[in-house]
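Position 1 is the first residue of the sequence; numbering continues from there.
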Amino acid sequence: MAHAEAGHVDAGLDIIDELIDATEQSGQHWLDAELYRVQGELRSRRVSPDMSGAEGAFRHALEIARRQQTRTFELRSALGLARLYSRSGRAEEISRLLAPVLAGFDPALDLAEIKDAQELLTQAHQWPDRHSRAS
């Protein structure tokens, strides 16, 4: 992500793609959900954002996190996808995505991702109906 923050999103994507390839070769898949989540973040930050590719990467990260039962990675992936939905005004999808993921976490747990997800969920519930149908 350091490359992305320095404005080198494509270089960051190249590195993530190399890391994903390396995990395939090594058989070490314990960070796959995070790698795909970061890939989604980077795709959404390109000069010409690849929103479809970003959504696919976030969804893949979610699938992996759920299969591996890594709750924090699931939350982070869901939050990334929800932010993507937020940009396009897809409030109903934000609620369907985040509510069940958050249900498994103690709200008192001091995780920034929990607070961010709760805030995004609250915002989505407050959007007028015209935003909930946008795609």
Heavy-atom pair of closest approach, residues A117 and L98: O-CD1, 3.6 Å
Heavy-atom closest pair, residues A124 and A91: O-CB, 3.6 Å
Nearest heavy-atom pair of S44 and L84: which atoms, and what distance? CB-CD1, 3.9 Å
Can you tell me how far the OG atom of S26 sits from the CG atom of D21, to the nearest 0.5 Å? 11.0 Å
Show every donor-acceptor pair shorter than 3.5 Å between a side-chain atom in residues 105-114 and any protein atom, with sequence neighbours excluded, or say none if there are none.
residue, atom, partner, partner atom, Å
D106, OD1, A108, N, 2.9
D110, OD1, K115, NZ, 2.6
E113, OE2, R76, NE, 3.3

To the nearest 0.5 Å, tell me how far I64 CD1 sits from L35 CG. 8.5 Å
What closest approach, in Å, do Y85 and R59 show between heavy atoms, and which atom pair accounts for it? OH-NH2, 2.6 Å
Quick check for you: to the nearest 0.5 Å, what is the distance between I20 atom CD1 and D32 atom CG? 7.5 Å
Between CG of L42 and CG of L13, what distance do you get to the nearest 0.5 Å? 4.5 Å
From E34 atom CD to E41 atom CD, the distance as rounded to the nearest 0.5 Å: 9.5 Å
Does any part of the side chain of R87, heavy atoms only, come nearer than 4.5 Å to the side chain of M51, both counted from C-beta? yes
With a 4.5 Å heavy-atom cut-off, do L102 and L121 have their side chains touching? yes
Would W30 end up clustered with F73 when hydrophobic side chains under 4.5 Å apart are linked, directly or stepwise? yes
Which pair of non-hydrogen atoms, one from T23 and one from Q28, has the smallest distance, and what is that distance? CB-O, 3.4 Å
Can you name the ring-ring contact (aromatic ring centres under 6.0 Å, His included) partners of Y36, sequence neighbours left out? H60
With no hydrogens and no angle check, is any side-chain donor or acceptor of S77 less than 3.5 Å from a backbone partner on E74? no
CD of Q39 to CG of L19, rounded to nearest 0.5 Å, is 10.5 Å
A78 and L97: which non-hydrogen atoms are nearest, and at how many Å? O-CD2, 3.3 Å
Check: Q68 side chain, L31 main-chain N or O, donor-acceptor pair, under 3.5 Å: no
Counting C-beta onward and ignoring hydrogens, is there a side-chain heavy-atom pair between S48 and R46 closer than 4.5 Å? no
Partners of D50 by salt bridge (Lys or Arg N to Asp or Glu O under 4.0 Å), sequence neighbours excluded? R43
Is L79 close to R83 at the side-chain level, that is, under 4.5 Å between some pair of heavy atoms? yes
So do the side chains of T122 and H125 get within less than 4.5 Å of each other, counting heavy atoms only? no
